[in-house]
Amino acid sequence: LTGGLRQLAGAVPKLTAGVQALKQGTSALAAGTAAAAEGTGQLGEGICALDDEAVAKIIDSYDDDLKPLARRLSATVQAGKDYQSFSGKAEGVTGEVKFIFETDAID
């Protein structure tokens, strides 16, 4: 029994050091968790701001300006494929016509 108590007494400083290290690690973990929570909130705010200030404007521009323009361009390309001659052509011969439109500059 005496030998076991001496061995236990000799291990107490290591146990004490381990408990202190655990306490410090727990404090660091709590601080890191708080920082992660704050960063998550900032990330969420940043994503909302990106959506409001950029993504929504791009989508609105596409719906308002680009989508109708894309439809008109596709229709023009299809018209060029369907229209094969200005002046007529022999039967069985294919032709090709290119349409070129000049517009004002886009600001």
Side-chain angles (χ1 to χ4, degrees):
L1 183 63
T2 304
L5 287 174
R6 283 186 191 139
Q7 189 178 7
L8 181 60
V12 168
K14 289 182 182 180
L15 179 61
T16 303
V19 169
Q20 287 175 347
L22 179 61
K23 181 182 175 189
Q24 290 173 349
T26 302
S27 297
L29 177 62
T33 302
E38 183 180 337
T40 301
Q42 290 174 347
L43 177 62
E45 291 170 8
I47 289 172
C48 289
L50 176 66
D51 183 53
D52 291 343
E53 296 172 16
V55 175
K57 289 180 181 181
I58 291 170
I59 290 170
D60 289 344
S61 291
Y62 174 75
D63 287 340
D64 294 342
D65 299 328
L66 298 178
K67 190 185 264 184
L69 176 61
R71 279 193 226 116
R72 287 194 304 262
L73 288 174
S74 293
T76 302
V77 169
Q78 188 59 47
K81 290 177 181 176
D82 294 342
Y83 191 83
Q84 295 187 5
S85 173
F86 284 117
S87 60
K89 57 183 178 45
E91 190 174 326
V93 175
T94 59
E96 184 176 314
V97 175
K98 301 272 185 196
F99 291 96
I100 300 172
F101 292 94
E102 184 174 334
T103 65
D104 293 334
I106 298 174
D107 296 324

Enquirer: Taking ILVMFWY side chains as joined if any heavy atoms are under 4.5 angstrom apart, and letting links pass through other members, which residues group with Val55?
Expert: Leu50, Ile59

Enquirer: Using a 3.5 Å cut-off and no angle test, enumerate the donor-acceptor pairs between side-chain atoms of residues 25-39 and protein atoms at least two apart in sequence or in another chain.
Expert:
{"residue": "Thr26", "atom": "OG1", "partner": "Leu22", "partner atom": "O", "Å": "2.7"}
{"residue": "Ser27", "atom": "OG", "partner": "Lys23", "partner atom": "O", "Å": "3.2"}
{"residue": "Thr33", "atom": "OG1", "partner": "Leu29", "partner atom": "O", "Å": "2.8"}

Enquirer: Got a sec, which hydrophobics cluster with Leu43, joining ILVMFWY side chains under 4.5 Å apart, including via others?
Expert: Ile47

Enquirer: Going by side-chain hydrogen bond (donor to acceptor under 3.5 Å, both in side chains), name the residues that satisfy it together with Gln20, two or more places apart in sequence or in a different chain.
Expert: none

Enquirer: List the residues meeting salt bridge (charged side-chain N to carboxylate O under 4.0 Å, His left out) with Lys67, not counting sequence neighbours, and say none if there are none.
Expert: Asp63

Enquirer: Inspect the surroundings of CD in Gln7 and state if more than 12 heavy atoms from other residues, nucleotides or ligands are less than 6.0 Å away.
Expert: no

Enquirer: Output the distance between atom NZ (Lys57) and atom CG (Asp51), rounded to the nearest 0.5 Å.
Expert: 11.5 Å

